[in-house]
*Asks:* 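Sharing a structure below in structure tokens format, with a few things to ask.
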Number of protein chains: 2
Amino acid sequence: MNVAILAHEGFPDRAKTATGILRYGDQDVRAVLDRENAGKRVNDLVPGIADAPIVDGIEEVPGIAEGEIDALVIGIAPIGGGFAESWRSDVRSAIERGCDVFSGLHYFLGEDEAFAALAAEHGGELIDLREPPEDSTVSQGVASEVDAQVVLTVGTDCSVGKMTVSYELVEAAKREGIDAAVIPTGQTGIAIEGWGNPIDRVVSDFAAGAVEEMIVERGAAHDLLVVEGQGSITHPAYSAVTCGILHGVMADSLVLCHAAGRERVHGYEDYELPSIPTYRSLYEDLAAPVRETEVVAGALNTSHLDEGPAQEAIEEYAEALGAPASDPIRFGSEEILEAIR
Amino acid sequence: MNVAILAHEGFPDRAKTATGILRYGDQDVRAVLDRENAGKRVNDLVPGIADAPIVDGIEEVPGIAEGEIDALVIGIAPIGGGFAESWRSDVRSAIERGCDVFSGLHYFLGEDEAFAALAAEHGGELIDLREPPEDSTVSQGVASEVDAQVVLTVGTDCSVGKMTVSYELVEAAKREGIDAAVIPTGQTGIAIEGWGNPIDRVVSDFAAGAVEEMIVERGAAHDLLVVEGQGSITHPAYSAVTCGILHGVMADSLVLCHAAGRERVHGYEDYELPSIPTYRSLYEDLAAPVRETEVVAGALNTSHLDEGPAQEAIEEYAEALGAPASDPIRFGSEEILEAIR
């Protein structure tokens, strides 16, 4: 699928979905729309991921006039999940060109009357990735019965790298010949995979059931499933999502993700993060009555540290955790993969 | 408000909402509809709650022909929350008589085209208590700032008496002159109070926020708030709801509710309940990073035991819990109230 990704004024740091697709997706990204960085290329700003030109607007995307672009993807997730009106003209033009539009915003494009009418007229689809399927239901408590080995990435907070670690683990496993797949539970993973269920938008009674359903559906097709976790079990606002996923997944093992130096809950700075050993026992003790499991490895995001301090931070983290640890982006995922096997 | 309560073939044991309203509601219940028990009275089957005749159908409700009945309440919650077609003629007749209809079913009466058209014609309202407000949002982590003391009833499982204990505690507090109120989080509490938010139907991202919103709203109006908990923190399907409530409430203290002799998760019999001390530490340890709190008392449902064994069971439970305990329905709530003050 040929796509353009909208990330105005946010690429790369505030455009998690854009960088996620460029790093892990199999879409052919023909351009990134960011009027602040137009003229540069993706690799000028982020090396080591798929490259593409950065352009000013939809009309500058190579191939757009020839009808080669299948879809525009909203690649940026502003706080609150709203739609910025400054994006409207690009979205409108994309629809007029017959493109589908993928969006993971809380604001559903399909409920925007102007977009809906335009899409109907031009034959494109508006795909709201954050809209959960209508047929969700309660968990049956059967996820542990699948043949595949199931690993869940859990975290000390939001935005510590659970999605990234899930993909890095699956890529490392594939390199070793293991048939592995990510189970996507959030809008970026869903945008990368083209399927999934945004658990944070599922009715709380059905959160565990919705993730169980995905595991049961894919459990026979792969040998290793890595479930993308969400939030944190001690998060003042989002712990319900985390807890539903933890009990719905019934994981064989857990990988605890953390960002080096993070001491307070992101966006809720009144709240201190508890110690790493506390997280380990909270996750294990809470999971145990439904399914015994263990934190077998740690993943530490050290992107803001120099090489020496990064290595030190990982060593400290591994010691606090009592398990092997790495920064998968920086130092690879082999130790973590070893620990989960 | 004069009401009739529909509980066909389910009163009293499968009609939790009906008995909840008869025990704790301030509605004037003119009759209970149960074609299996028609001719008896409520107190023939359940002593100690508001009495009313049990009748065959809506046309037999005293005062219905005179237009004295304001509303029909669906007082029974079948597994799955569906609507039984055998109730349709009574609901239809009630609407035709100009009654409102209150329902806590997952099946929304307002989305039933036949009922909706009939209600529009006759001027009655269809009130779906399980439909959460549209404006829910994420928790701010501020529930602990309210002036009122806040107690949360938590449980070892579903259907162990959290709602009942919440009401018993509030009634005991009121008898001692304390301005106390229940914060209703499920359909029965909402049916009793006429307001509330069904947290199990709220999007998981907003579960904590929805309960926080209620506490903030009522925190200045009362001296003691008892929040009705839901599910259990170790439930294979519903723990997300429980966890969201635990962190959203930021309770000053917890009361752990249990049913004597319950050893396996209700409806999920493959799963054993962990020990009482395990529950205590799970709830306390999980709450602590957001708000330090303590299980200060226990409530044990002993309704199926004789007096002697009931007292023994309570003593054992108190010892396992390391806190005072009682069966509030049978032996009063004074010890529990003492412990939370």
Side-chain angles (χ1 to χ4, degrees), chain A residues 80-81 106 130 132 137-144 156 198-212 230-248 250 265 267-275 278-279 281-282 285-291, chain B residues 80-81 106 130 132 137-144 156 198-212 230-248 250 265 267-275 278-279 281-282 285-291:
Chain A
H106 271 299
R130 212 159 186 170
T137 185
V138 299
S139 175
Q140 307 295 311
V142 298
S144 64
T156 58
I199 304 299
D200 62 356
R201 290 287 292 190
V202 171
V203 161
S204 60
D205 234 11
F206 304 153
V211 70
E212 175 189 71
Q230 295 290 336
S232 142
I233 201 63
T234 65
H235 195 285
Y238 306 133
S239 64
V241 187
T242 314
C243 190
I245 292 176
L246 182 69
H247 284 145
M250 306 181 73
V265 178
Y268 291 76
E269 272 72 20
D270 287 350
Y271 294 92
E272 275 183 43
L273 302 187
S275 74
T278 299
Y279 277 107
S281 37
L282 279 175
D285 294 350
L286 187 58
V290 176
R291 162 84 167 178
Chain B
H106 271 300
R130 213 161 187 169
T137 186
V138 298
S139 174
Q140 307 295 310
V142 299
S144 64
T156 58
I199 304 299
D200 62 356
R201 289 288 293 190
V202 171
V203 162
S204 60
D205 234 10
F206 304 152
V211 70
E212 176 189 72
Q230 295 291 335
S232 142
I233 201 63
T234 65
H235 196 285
Y238 306 133
S239 63
V241 187
T242 314
C243 190
I245 292 176
L246 181 70
H247 284 145
M250 305 181 74
V265 178
Y268 291 75
E269 272 72 19
D270 286 350
Y271 293 91
E272 275 182 43
L273 301 188
S275 74
T278 300
Y279 277 106
S281 34
L282 279 176
D285 294 350
L286 188 57
V290 175
R291 162 84 168 179

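Every chain is numbered from 1, with letters handed out A, B, ... down the list of sequences.
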*Asks:* Provide the closest heavy-atom pair for B:Asp200 versus A:Val203 in the form atom of the first, atom of the second, distance.
*Replies:* O-CG1, 3.0 Å
*Asks:* Only one of A:Ser275, A:Pro236, A:Pro274 forms a side chain to side chain contact (heavy atoms under 4.5 Å, CB included) with B:Pro289, so which one is it?
*Replies:* A:Pro274
*Asks:* Looking at every non-hydrogen atom in both residues, tell me the closest pair between B:Ala207 and A:Ala240 and how far apart they are.
*Replies:* CB-CB, 4.1 Å
*Asks:* In Å, rounded to the nearest 0.5 Å, how long is the span from CD1 of B:Ile233 to CD1 of A:Ile233?
*Replies:* 6.5 Å
*Asks:* Looking at every non-hydrogen atom in both residues, tell me the closest pair between A:Met250 and B:Tyr271 and how far apart they are.
*Replies:* CE-OH, 3.0 Å
*Asks:* What are the two closest non-hydrogen atoms of A:Ser204 and B:Arg201, and how far apart are they?
*Replies:* OG-N, 4.3 Å
*Asks:* Mind listing the closest non-hydrogen atom pair of A:Phe206 and B:His106 along with its distance?
*Replies:* CZ-CE1, 4.4 Å
*Asks:* Under a 4.5 Å heavy-atom cut-off, does chain B meet the side chain of A:Gln140, its backbone, both or neither?
*Replies:* backbone
*Asks:* So which part of B:Glu212 gets closer than 4.5 Å to some heavy atom of chain A, the side chain, the backbone, both or neither?
*Replies:* neither
*Asks:* Count the heavy-atom pairs under 4.5 Å between each of A:Ala208, A:Gly244, A:Ser239, A:Pro132 and chain B, then report the option with the highest count.
*Replies:* A:Ser239
*Asks:* Among A:Val241, A:Val202, A:Ile199, whose side chain to side chain contact (heavy atoms under 4.5 Å, CB included) with B:Asp205 holds?
*Replies:* A:Val241
*Asks:* Is it the side chain or the backbone of B:Leu282 that comes within 4.5 Å of chain A heavy atoms, both, or neither?
*Replies:* side chain
*Asks:* For B:His235 and A:His247, work out which heavy atoms get closest and say how close.
*Replies:* O-ND1, 3.8 Å
